[in-house]
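Presented below is the structure to which this report refers.
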Amino acid sequence: MAKDYNFREVEQKWQKYWYENKLFEVKEDPAKPKFYGLIEFPYPSGAGLHVGHIRAFSSIEVIARKKRLEGYNVLFPIGFDAFGLPTENFAMATKQHPRKVTDANIKKFVEQLKKIGYSFDWSRVVDTTDPDYYRWTQWIFLQLFKRGLAYKATTMVNFCPSCKVVLANEESQNGVCDRCGAEVIQKEKDVWFLKIREYAERLLEGLDHVDFPEKIKVEQQNWIGKSTGAEIIFKVKTSGGDYPLKVYTTRPDTIYGVTFLVISPEHPLLQEHKGDIANIGEVEAYQNQAKTKREFERIYMSKEKTGVKINGMVAVNPITGTEIPIFTADYVMMDYGTGAIMAVPGHDQRDWDFAKKFGLPIIEVISGGDVTVEAYVDKEGGTMVNSPLINGLPVKEAINKMIDYMEARGIGKRKTDYKMKDWAFNRQRYWGEPIPIINCPKCGQVPVPEEELPLRLPDLEDFSPTDDASSPLAKCKDWVNTTCPICGGPATRETDTMPQWAGSSWYFLRYMSPNCETAPVDPEAYKYWGQVDWYNGGMEHVTRHLIYSRFWNLFLYDIGVVTNPEPYKRRSAQGLILGADGEKMSKSRGNIVNPDDVVNAYGADVLRIFILFIGDYEKPAPWSPDGIKGCSRFTARLWNLQDMLVEDCDTSDLNLDALIKKVSDDYESIKFNTAIAHIMTALNTIYARGKVTRKEFNTILLLLNPVAPHITSELYEIINNGAKIEQQSFPTYDPAKLISDTVEIPVQIMGKVRGRVTVARGASQDEVLNAILGLGLLEGKSVVKVIYVPDRIINLVVK
RNA sequence: GCGGGCGUGGCGGAAUUGGCAGACGCGUUAGAUUCAGGUUCUAAUGGUCGCAAGGCUGUGCAGGUUCAAGUCCUGUCGCCCGCACCA
């Protein structure tokens with residue numbers, strides 16, 4: 001009898017063996033096919049590793065270990081996305097330097113990750129806060145700047161009064177700060193932007209060339225939000241002559257139904273022609289109201305349309321020549337389209353609501369609905385009416401004809417627009433990459449010379465944020481005051497730092513050559529490793545990190561740093577691990593599971609098995625404290641197979657080839673739960689028989705090795721005279737042996753299973769019918785119809 | 001409002017894409033082992049009727065297509081995620 005499995009001893013033994021012998025450290029090797037597997041590097045928070053991390057990392061871990069056994073040269077790196085607010089806040093609260101906090105947190109993460117037995121290449125660890133790393137983050141920013149893709153602009157920004165930072169649109173969900181939950185206010189501020197909008201079309205197009213789950217593609221498409229329509233010029237009569245007011249519309253076909261224009265409260269027309277506005281007081285009051293209104297209210301609280309008519313100005317419909325009134329209303333946004341719309345209340349519900357409230361005329365120009373009840377917005381049905389140039393046409397044709405007509409006369413033109421906004425690229429905080437720009441009173445914005453990179457963060461005594469939304473770095477006069485690299489005159493440094501998402505936008509490249517001093521990535525290393533073959537991460541990053549990093553990679557492609565326009569070949573996304581109560585894990589709910597506790601109680605292998613067995617990898621799954629016991633039993637049963645080992649026995653009850661195929665296929669298609677279930681089934685078969693052959697045992701160990709590397713390594717060594725499992729090959733199957741010679745065919749009568757017969761594979765219908773006769777199912781009945789699906793099922797329709 | 005997904009035993013979840021519903025695991029019940037608790041092993045386990053063989057019923061709900069539906073179609077209810085006055 002084998003003694004009980006001691007996971008503590010065994011797991012320690014193998015981790016020591018792997019890490020001391022550097023088994024997972026790789027070099028470029030042209031003789032071997034490469035596989036680059038990537039997981040989203042963690043933010044090293046003080047709370048340590050979360051079970052969510054375990055699920056996120058375990059998929060690529062399994063694939064990486066499998067690919068190694070299959071002879072691939074596998075790059076499976078790990079790093080830390082370590083700049084960011086929580087660290088800075090914790091550092092302030094405990095009066096330490098964020099550097100110290102970061103180092104301590106990373107150290108803790110490394111220890112935890114090694115205890116799980118992950119097969120990371122520990123020689124390539126990347127830390128975004130390391131000056132040798134952020135030197136290149138800054139370098140990439142400078143390249144963007146030099147090509148006009150980074151610019152500073154004064155705009156209204158989302159400002160979190162609690163974190164005291166300007167937030168990107170992506171960070172202020174529903175008008176509350178993503179980080180702290182405080183309500184976001186609008187503030188005017190100088191902000192750095194990256195022109196991601198210029199890449200919108202290519203980011204959209206690139207999705208056709210990558211293997212991402214459909215939901216990710218759709219989400220990114222929606223985020224980019226491409227729409228095609230027309231920009232149309234309405235002349236506005238002012239004292240200074242005609243002002244060409246551009247409106248954006250996707251429905252130029254409805255131009256005969258325009259009964260008023262609406263411009264955003266921030267629209268420059270209001271400022272530029274103040275003098276012409278008879279009720280300027282009223283208009284300005286409305287502008288101020290809109291300004292202070294938080295985004296939240298603007299969207300949710302105000303179902304009721306509000307607005308003010310601009311007296312003293314009228315616009316002219318370029319097609320009909322009719323004079324129409326102009327309104328300003330906050331349902332029109334300055335940052336989409338042109339900030340001005342032509343209102344067609346008959347065929348746009350928002351315009352309809354507005355027209356009803358303000359008693360404006362509603363004209364039907366497409367038949368098919370009842371515009372006295374609601375707007376008729378259908379683009380598919382309906383034909384044009386009351387529209388002399390396009391009467392009788394279906395909508396789509398009318399759109400094209402109308403644009404052609406307007407283009408020919410210079411009234412309007414085709415226009416494509418995107419919802420995605422430029423990326424606000426700065427924070428007023430300390431713990432981030434300094435933006436390498438010098439402001440010179442004479443020369444303007446001057447890039448820090450590349451040879452001076454990295455531009456290091458100065459050590460500050462006090463790095464708390466300021467209420468006036470300026471960066472703590474501004475307080476460090478020695479650092480701020482410098483000389484202009486161009487004219488040599490006195491100048492000041494940019495004091496804002498880069499956002500959290502900067503460092504993570506290119507880290508996957510750095511892993512290929514983490515110590516390269518001449519470029520972000522060594523071209524030779526890139527040539528070998530190329531694209532990430534498989535990248536796993538969370539759905540929450542789809543419209544942030546995943547799109548930002550595609551953008552940066554595309555830019556680096558344009559400037560010749562990389563040779564693939566898309567960074568990731570394949571992407572998968574794990575579902576959330578919920579608490580045992582089915583709710584999202586959170587401190588306040590008290591339903592957080594600490595992976596350390598699980599490792600201490602059951603061992604790393606059990607944790608790894610369970611996190612993958614818990615359910616469909618891509619769907620959310622509640623943590624189940626009881627379920628883990630089953631996985632623990634499973635490892636014990638595996639261990640006890642030693643006592644059943646025989647050199648020979650009847651193995652016809654277990655089709656190893658079929659098992660290999662199922663498990664391999666399931667791993668590759670991210671169905672780890674069923675892969676493990678198949679191995680459990682095999683174990684049940686073996687237990688029922690009480691014997692296991694060496695071949696079966698070895699096969700099972702190899703199949704399970706990527707999931708549970710410790711116990712399988714130990715068992716392999718024990719039963720094979722000290723041989724090492726990592727030197728073996730992943731099992732392959734013989735397709736010819738997948739199928740047995742005989743098949744059991746369920747016999748249905750009127751669609752219900754009434755019996756079953758065993759026949760030779762490929763048996764004819766008559767042979768099966770003959771076999772059925774012996775069952776005595778058909779007494780007193782006559783068969784009217786037979787449906788036979790060879791080797792599958794037979795169904796008899798009887799009377 | 002728009003987009004994506006989901007609804008299957010007491011629970012987590014399977015189901016080769018129209019072909020045996022409930023794999024695998026948890027839990028439960030019974031038996032064996034054990035002084036006992038735990039562990040381990042064996043068996044049973046959707047509901048219901050029946051001593052039994054067996055029958056009926058069953059994938060949110062209501063219809064439909066089909067020899068055959070968890071899977072397809074129509075309608076409907078509920079839940080989750082993303083976007084959201086995007087012109």
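Because the structure is predicted, anything quoted here is derived from the model rather than measured. Below, chain A is the first sequence line, B the second, and so on; all start at residue 1.
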Round to a whole Å and report the spacing from CZ of A/F634 to C1' of B/rG12. 17 Å

Taken to the nearest whole Å, CD/A/E214 to P/B/rG82 is 19 Å

Rounded C1' spacing from B/rG46 to B/rG13 in Å: 15 Å

Strictly below 4.0 Å, N to O, side chains only: are A/D417 and A/R197 in salt-bridge contact? yes

Check this for me: does any side-chain nitrogen of one of A/E696 and A/R689 sit under 4.0 Å from a carboxylate oxygen of the other? yes

Between B/rG5 and A/K215, is there an OP1 or OP2 to side-chain N/O distance shorter than 4.0 Å? no

Paired with B/rG46: which nucleotide, if any, by Watson-Crick or G-U wobble criteria at under 3.5 Å for both distances? B/rU57

Please give, in whole Å, the distance from B/rC83 P to A/Y336 OH? 17 Å

Can you tell me if A/K357 uses its side chain to pair, donor with acceptor, with the backbone of A/K305 under 3.5 Å? yes

Whole-Å gap separating P (B/rC83) and CE (A/M539): 10 Å

Who does B/rA68 pair with, Watson-Crick or G-U, both distances under 3.5 Å? none

Please measure how far the C1' atom in B/rA15 lies from the corresponding atom in B/rG70, and state the result in whole Å. 9 Å

Looking for any heavy atom pair under 4.0 Å, which part of the strands does A/K785 touch: base, sugar-phosphate only, or nothing? sugar-phosphate

Starting from the 5' end of RNA chain B, give me the residue, A/V218 or A/V797, whose nearest nucleotide shows up first. A/V218

What residues form a side chain to side chain contact (heavy atoms under 4.5 Å, CB included) with A/M680, not counting sequence neighbours? A/F613, A/F634, A/I676

Relative to its sugar, using the 90° cut-off around 0, the base of B/rU28 is anti

Nucleotide paired to B/rC26 in any strand shown, Watson-Crick or G-U, under 3.5 Å: B/rG10

Which whole-number value in Å describes the distance from A/W352 CH2 to B/rA87 C1'? 18 Å

Between the side chains of A/D353 and A/K356, is the shortest nitrogen-to-carboxylate-oxygen separation below 4.0 Å, so that they form an ion pair? no

How would nucleotides 20-32 of chain B be written as a contact map, 5' to 3', with B for base contact, S for sugar-phosphate-only contact and - for no contact, using protein heavy atoms under 4.0 Å? B--BBSSS-----

Counter-base of B/rU34, judged by Watson-Crick or G-U geometry with both distances under 3.5 Å: none

B/rA62: pairing nucleotide in any strand, Watson-Crick or G-U under 3.5 angstrom: B/rU74

Answer with base, sugar-phosphate or nothing: what part of the nucleic acid does A/D616 contact at a heavy-atom distance below 4.0 Å? sugar-phosphate

With no hydrogens and no angle check, just 3.5 Å: does a side-chain donor-acceptor pair link A/D666 and A/T674? yes

Examine B/rA87: is either OP1 or OP2 under 4.0 Å from a nitrogen or oxygen in the side chain of A/K415? Give yes or no. no

Determine the Euclidean distance between corresponding P atoms of B/rC11 and B/rC61; express it in Å to zero decimal places. 15 Å

Can a salt bridge be assigned to the pair A/E231 and A/R414 using a cut-off of 4.0 Å between side-chain N and carboxylate O? no

Pick the C1' atom in B/rA14 and in B/rC20, then give their distance to the nearest Å. 14 Å

Would you say the side chain of A/K619 and the base of B/rC6 hold a donor-acceptor pair, judged only by whether the two atoms sit under 3.5 Å apart? no

Taken to the nearest whole Å, CD/A/E583 to C1'/B/rC80 is 11 Å

Classify the glycosidic conformation of B/rG46 as syn or anti, calling it syn when the angle lies within 90° of 0. anti

Does OP1 or OP2 of B/rA87 have a side-chain N or O of A/Y248 closer than 4.0 Å? no

Heavy-atom nearest pair, A/P345 first then A/W352, reads O-CD1, 3.0 Å

Can you tell me the distance, in whole Å, between the CD1 atom of A/I787 and the P atom of B/rA68? 8 Å

Would you measure the distance from the C1' atom in B/rC80 across to the matching atom in B/rC41 and give it in whole Å? 42 Å

Please measure how far the C1' atom in B/rG22 lies from the corresponding atom in B/rG12, and state the result in whole Å. 13 Å

Expressed in whole Å, how much space separates the C1' atoms belonging to B/rG60 and B/rG55? 27 Å

Distance check needed: B/rA84 C1' versus A/N222 CG, whole Å only. 10 Å

Below 30° counts as parallel, above 60° as perpendicular, anything between as tilted: where do the rings of A/H545 and A/H541 land? perpendicular

Do the side chains of A/Y256 and A/M384 get nearer than 4.5 Å, heavy atoms only? no

Which nucleotide, in any strand shown, forms a Watson-Crick or G-U wobble pair with B/rG1, with both distances under 3.5 Å? B/rC83

Separation between the C1' atoms of B/rG58 and B/rC49, rounded to whole Å: 15 Å

